[in-house]
Amino acid sequence: MVDIGTGGRWPRAVDGVSVTTGYETALGAALGEDLDAATDPAAPAHWAVLDASSPDPALPAGVVALADHVQAPPALARRLAQVGLVARADGARLSRLLHPGQRLVSPEGDLWRWDGFVAAANAPTPAARRLAEKNRLGEIEARARDAAARRDDLRREVEAALSSAREASARETAGREAVREARRAFDSARDLVLMSERRRNEAEARLANITEALARLSR
């Protein structure tokens, strides 16, 4: 088997590919080890963007291109456009309608090629496994972002609740102080009233004594 890996010097095409979840095996069957080639023209084995002199043939009627479920570098666009996605039961029949260069794949990984080559679904290819792992990683990262956003929302809610609690506590403290101040004012006013009544009683007693003394003098 020929190794077309880039040895880490050039990014592989598969690193720039994202595929709808559930179609990783189909893409791995359609492109296989070709996904390990680079997209940099300087690499020994690479994908190049070609300007076709004439339009490529269309896939059989009713067959959806695998490209509809894949986002990939432009250099892979021509290849992906010539790969059809079909149900496993329809592959053998539709493969007879393929033009040179075309192929069909099932979501399970079955492959039918224009030249008669057929490969039943087997274990996922390394590329398919990497794509599946990439999708799982993306899902985990998305959940992590959602969790972080929820954590930040909860943190803001907690901070707002603590702020409200502090304000309520401050109002309660101010209210208690106002009650104490009102009680002190009431006590002062009550003491003043009692002292005034006492002085009034004393004045009335003195007045009574004076009145009685005047009465005696008059007699």
Side-chain angles (χ1 to χ4, degrees), residues 6 8-28 35 38-40 64-77 80 85 107-108 124-219:
T6 63
R9 183 175 179 183
W10 294 279
R12 298 171 300 181
V14 68
D15 297 331
V17 172
S18 61
V19 57
T20 303
T21 301
Y23 294 97
E24 302 94 345
T25 302
L27 180 60
L35 282 171
T39 54
D40 189 335
V64 176
L66 182 60
D68 292 349
H69 298 280
V70 180
Q71 290 184 343
L76 274 66
L80 291 171
L85 185 65
E108 295 82 6
T125 64
R129 287 195 294 269
R130 285 196 296 272
L131 290 167
E133 290 168 0
K134 185 177 180 180
N135 279 348
R136 284 195 294 271
L137 178 60
E139 292 170 359
I140 292 171
E141 290 175 342
R143 289 197 295 269
R145 287 192 295 271
D146 292 342
R150 179 58 180 159
R151 177 203 61 199
D152 293 341
D153 290 341
L154 291 174
R155 180 178 296 161
R156 285 190 289 270
E157 291 177 8
V158 169
E159 290 175 352
L162 289 174
S163 178
S164 297
R166 286 192 293 268
E167 292 176 359
S169 177
R171 288 194 297 269
E172 181 184 10
T173 300
R176 289 178 178 176
E177 182 60 31
V179 169
R180 286 194 292 270
E181 185 64 29
R183 183 173 290 120
R184 285 193 293 270
F186 172 80
D187 291 342
S188 297
R190 183 190 57 194
D191 292 343
L192 182 61
V193 168
L194 292 175
M195 184 175 64
S196 298
E197 288 180 349
R198 186 171 60 254
R199 289 179 177 176
R200 183 195 64 186
N201 292 335
E202 292 174 353
E204 288 177 350
R206 287 197 299 273
L207 178 61
N209 291 333
I210 293 173
T211 301
E212 183 179 356
L214 289 174
R216 285 197 300 271
L217 290 174
S218 296
R219 285 194 300 270

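The side chain to side chain donor-acceptor pair (under 3.5 Å) test applied to Arg155 returns no partner, not counting sequence neighbours.
Within a 6.0 Å radius of CZ in Arg176, no more than 12 heavy atoms belonging to other residues, nucleotides or ligands are found. Surrounding CD of Gln71 are at most 12 heavy atoms belonging to other residues, nucleotides or ligands under 6.0 Å away.
Smallest separation of non-hydrogen atoms from Ala13 and Thr39: CB-CG2, 4.0 Å. Smallest separation of non-hydrogen atoms from Ala72 and Val17: CB-CG2, 3.9 Å. Nearest approach of His69 to Leu85, heavy atoms of both residues: CD2-CD2, 3.7 Å. The nearest pair of heavy atoms linking Asp68 to Val64 is OD2-CG1, 3.1 Å.
Between Leu35 and Leu27 the shortest side-chain heavy-atom distance falls below 4.5 Å. Annotation: side chain of Val19 is not in contact with side chain of Leu66 (no heavy-atom distance under 4.5 Å).
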Test salt bridge (charged side-chain N to carboxylate O under 4.0 Å, His left out) applied to Arg200 and Glu197, step by step: CA-CA 5 Å; Arg200 183 195 64 186; Glu197 288 180 349; 5.3 Å; no
Steps toward side chain to side chain contact (heavy atoms under 4.5 Å, CB included) verdict (Arg156, Asp153): CA-CA 5 Å; Arg156 285 190 289 270; Asp153 290 341; 2.3 Å; yes
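Note on Arg143 versus Asp146: no salt bridge recorded, every NZ/NE/NH1/NH2 to OD/OE distance being 4.0 Å or above. Taking the charged nitrogens against the carboxylate oxygens, Arg190 and Asp187 do have a contact shorter than 4.0 Å, which makes a salt bridge. Taking the charged nitrogens against the carboxylate oxygens, Glu202 and Arg199 have no contact shorter than 4.0 Å, which rules out a salt bridge. Ion pairing of Arg166 with Glu159 is absent here, as no side-chain N (NZ or NE/NH1/NH2) approaches a carboxylate O to less than 4.0 Å.
Taken from CD in Glu212 to CG in Leu217, the straight-line distance is 11.0 Å, to the nearest 0.5 Å.
Between the side chain of Ser196 and the backbone N or O of Leu192 there is at least one donor-acceptor pair closer than 3.5 Å.
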